Amino acid sequence: MLPNSEERPGQLAMAEAVARAIEGHRHLIVQAGTGTGKSLAYLVPALVSGARVVVATATKALQDQLATRDLPVLAERLGVPFEFALLKGRSNYLCRQRAGEVASGEQLILDPAMGESGGSGGATGGVGSGPFGREVRRLLTWAVTASTGDRADLPFEPSAGAWAQVSVGHTECPGASRCPAGDACFAEAARDRAALADVVVVNTHLYAFNLLAGGGVLPPHDVVVFDEAHELEDIASSSLGFAIAAGRLRALARAVRPLLAEPASAIAVDDGADLLDAALEGRRGERLSEPLDEELVHTLTVIRERVGALVAGVRRSDVDPARRSRGLEAGGHLMTDLDAVLALPDSRVAWVEGAPRAAVLQVAPLDVGAALGELLWSREDAPVAVMTSATIPMGMGERLGLAPISFDELDVGSPFDFPHQALLYCARHLPDPRRAGYEPAMHDELVALIEAAGGRTLALFTSWRAMHAAASAVGPRLAWPVITQAELPKPALVARFGTEEHSCLFATMGFWQGVDIPGPAL
């Protein structure tokens with residue numbers, strides 16, 4: 001069916017198992033090593049069966065690969081007519097209402113690191129003229145002609161702060177019916193396309209959110225495929241829970257302050273962020289006791305009262321209805337989460353994590369399997385689930401709440417001959433990573449390896465800081481281009497890296513899986 005293809009017995013075995021699972025309405029867990037071709041192995045039998053399918057992936061890179069490469073190829077060559085759609089969380093789409101407010105100079109929350117100040121005035125007069133302002137203006141220009149509003153379709157990679165100016169999360173959005181720009185909403189248009197599609201590609205976080213919402217986000221479906229399923233347990237745990245941090249309080253206070261006749265309640269919530277930081281700082285790395293200790297209960301109660309007063313003030317406001325709706329939505333979600341912490345049940349666990357002076361209170365289900373059992377597996381209309389990954393953890397089915405008699409397991413191996421086709425090299429001569437001399441020595445090592453490979457290097461880092469430092473130190477010493485994850489959206493990066501055979505890509509965690517580079521650049 002495909003050009004330059006080869007026979008892969010593991011792929012065929014997996015496809016046959018998926019077909020049996022759909023026909024017999026039994027769940028399936030498949031370990032399929034790198035190179036199996038998992039996406040075709042589950043897409044082909046699902047499409048041939050005529051089932052409505054949702055594919056949930058752990059990474060946006062794999063989402064984009066499915067939507068821009070695998071599914072278009074199948075649509076052209078499989079001989080089975082079908083429609084497919086890509087659906088992401090709301091914050092991945094430009095919000096026309098927010099963009100319009102920023103463009104008219106009505107609202108701009110500037111990145112304090114940029115030291116800019118916005119003004120008022122028409123067009124984009126309130127955006128500011130510094131680097132941050134120019135970046136926001138570039139987003140506003142793109143918004144005029146954008147067809148999907150999807151951040152991944154941008155011709156450049158915006159900073160998190162700039163994108164925040166023109167997007168909203170699900171905890172802020174009041175819904176299309178209560179938004180002045182609801183009729184032209186990019187996120188709602190994506191949901192409309194998904195409702196008509198035979199295959200919908202989402203990320204696993206959105207699928208979990210759909211479960212919490214009682215199925216109101218995704219269309220009804222017969223089959224759900226969890227690709228990169230080794231991430232499912234952790235993603236379900238985080239998505240079925242919530243997090244409270246000082247930044248969430250400050251963002252709410254900052255967003256609604258212009259709506260208030262008196263700023264006192266916003267200032268009180270902003271001060272509450274400092275109270276929360278102080279209360280959590282000494283507890284980082286700890287699981288919180290049940291019930292919570294009196295000191296933390298007192299702090300959270302004070303913060304809850306302040307947020308409640310702020311929300312009441314916003315509700316009385318008659319200024320800027322769209323912004324008011326977003327403030328009420330965000331404040332309502334925050335109050336609900338604070339109430340849930342203060343009444344923490346035995347079925348949930350709370351702990352504190354994060355960097356110094358940036359602690360986060362996390363709450364998650366104590367038993368992910370029980371939560372999935374209630375929200376997914378026990379439903380009468382529960383879809384057949386296909387869970388696949390190159391590495392399946394032991395006992396994953398039971399930990400995810402599947403009844404032992406309800407699923408089958410299969411390991412199809414990998415077509416790659418790793419001992420002859422791969423080399424694991426450990427640079428034991430490098431200094432300890434905790435020592436000052438490590439980074440320069442690591443950069444020298446990178447240069448040597450890249451020169452030995454003639455470019456052609458994917459270098460993965462555990463932080464953006466380390467990635468940028470390496471690109472600055474290594475790039476000028478090479479004869480081949482070094483591109484970083486900060487330069488382009490992921491689909492464009494992968495395309496450029498695959499097309500420019502000798503290029504080098506420096507990236508972070510989002511590229512550790514779900515990236516496929518066929519051809520000579522491999």
Side-chain angles (χ1 to χ4, degrees), residues 14-15 17-22 25-34 36-47 49 51-67 70-71 84 86-89 194 199-212 215 217-240 365 368-369 371-379 381-403 406-412 512-514:
M14 178 176 170
V18 171
R20 289 192 299 268
I22 295 172
H25 206 83
R26 287 179 59 79
H27 305 306
L28 176 66
I29 298 176
V30 185
Q31 179 163 288
T34 300
T36 298
K38 295 186 293 295
S39 56
L40 294 186
Y42 58 69
L43 286 172
V44 169
L47 290 167
S49 76
R52 293 197 74 185
V53 185
V54 170
V55 181
T57 75
T59 62
K60 292 178 183 177
L62 180 54
Q63 255 189 297
D64 292 322
Q65 177 189 311
L66 288 164
D70 297 337
L71 284 164
F84 65 90
L86 176 62
L87 182 61
K88 299 180 180 180
V199 180
V200 182
V201 181
V202 304
N203 70 31
T204 310
H205 290 279
L206 185 61
Y207 196 89
F209 179 69
N210 177 68
L211 296 178
L212 281 176
V217 178
L218 299 177
H221 48 283
D222 310 303
V223 177
V224 56
V225 179
F226 292 108
D227 205 334
E228 302 166 325
H230 62 284
E231 302 271 15
L232 177 55
E233 189 174 12
D234 286 343
I235 291 175
S237 177
S238 63
S239 299
L240 298 177
V368 173
L372 288 175
E374 178 184 349
L375 295 170
L376 181 59
W377 312 128
S378 63
R379 284 174 18 202
D381 62 342
V384 172
V386 175
M387 289 159 273
T388 184
S389 175
T391 52
I392 294 291
M394 292 289 291
M396 188 179 80
E398 290 81 1
R399 294 210 306 273
L400 293 175
L402 290 170
S406 70
F407 68 95
D408 298 308
E409 294 183 278
L410 177 68
D411 184 349
V412 299
W512 286 40
Q513 57 191 20

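One is the number of the first residue; the rest follow in order along the sequence. Predicted model, so just to flag it, every value in this text is computed and none were measured.
- By the 4.5 Å heavy-atom criterion applied to side chains, M387 and L402 are counted as neighbours.
- Looking only at distances, no side-chain donor or acceptor of W377 sits under 3.5 Å from a matching main-chain atom of S406.
- Counting heavy atoms from C-beta outward, V200 and V53 have side chains that stay 4.5 Å or more apart.
- The two atoms that bring M14 and A32 nearest to each other are SD-CB, 4.0 Å, heavy atoms only.
- Smallest separation of non-hydrogen atoms from S378 and G373: OG-O, 2.6 Å.
- The six-membered or imidazole ring of H27 lies away from that of F226, with a centre-to-centre distance of 6.0 Å or more.
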Working for side-chain contact (heavy atoms from CB on, under 4.5 Å), residues M396 and F407: CA-CA 11 Å; M396 188 179 80; F407 68 95; over 6 Å; no
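- Between atom CG of residue L372 and atom CG of residue L240 there is a gap of 6.0 Å, rounded to the nearest 0.5 Å.
- The backbone N or O of A58 sits nowhere less than 3.5 Å from a side-chain atom of E231 that would complete a donor-acceptor pair.
- Separation of atoms CZ (R20) and CD1 (I22) is listed at 11.5 Å; rounding is to 0.5 Å.
- Just one of L212, L211, N210 meets the side chain to side chain contact (heavy atoms under 4.5 Å, CB included) condition when paired with V217; it is N210.
- Counted by atom type alone, T59 and E228 present one or more donor-acceptor pairs between their side chains at under 3.5 Å.
- Note that the CG atom of L47 and the CZ atom of F84 stand 10.5 Å from one another [nearest 0.5 Å].
- Judged by distance alone, the side chain of R399 and the main-chain N or O of V368 form no donor-acceptor pair under 3.5 Å.
- No donor-acceptor pair under 3.5 Å is formed between the side chain of R26 and the backbone N or O of A21.
- Between V224 and P383, the shortest heavy-atom distance links the atoms CG1-CG, 3.8 Å.
- Looking only at atom types and distance, the side chain of D70 has a donor-acceptor partner in the side chain of S39 under 3.5 Å away.
- A donor-acceptor pair is defined here as one N or O able to donate and one able to accept, closer than 3.5 Å; no such pair exists between the side chain of T204 and the backbone of I235.
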CA sep, side-chain torsions, deciding dist, call: V54, V223, side-chain contact (heavy atoms from CB on, under 4.5 Å): CA-CA 6 Å; V54 170; V223 177; over 6 Å; no
Worked verdict on V55 versus V199 for side-chain contact (heavy atoms from CB on, under 4.5 Å): CA-CA 7 Å; V55 181; V199 180; 4.3 Å; yes
side-chain contact (heavy atoms from CB on, under 4.5 Å) between I392 and V30, worked out: CA-CA 8 Å; I392 294 291; V30 185; over 6 Å; no
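- The shortest non-hydrogen separation linking A390 to Q31 is O-CG, 3.4 Å.
- At least one side-chain heavy atom of Y207 sits under 4.5 Å from a side-chain heavy atom of L376.
- The side-chain heavy atoms of K88 and L86, taken from C-beta on, include a pair separated by under 4.5 Å.
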Derivation and outcome, side-chain hydrogen bond (donor to acceptor under 3.5 Å, both in side chains), residues H205 and S239: CA-CA 6 Å; H205 290 279; S239 299; 2.8 Å; yes
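- Contact annotation: the side chain of L66 approaches that of L43 to within less than 4.5 Å [non-hydrogen atoms, C-beta and beyond].
- Ion pair D222/R52 not flagged as a salt bridge, since none of the NZ, NE, NH1 or NH2 atoms sits closer than 4.0 Å to an Asp/Glu carboxylate oxygen.
- When side chains are defined from C-beta on, V201 does not count as touching L87, because their heavy atoms never get closer than 4.5 Å.
- In this structure, E374 places its CD atom where only 12 or fewer heavy-atom neighbours from other residues, nucleotides or ligands lie under 6.0 Å away.
- The shortest distance between side-chain heavy atoms of V18 and L28 falls below 4.5 Å.
- Here the side chains of D227 and K38 are in contact, with some heavy-atom distance below 4.5 Å.
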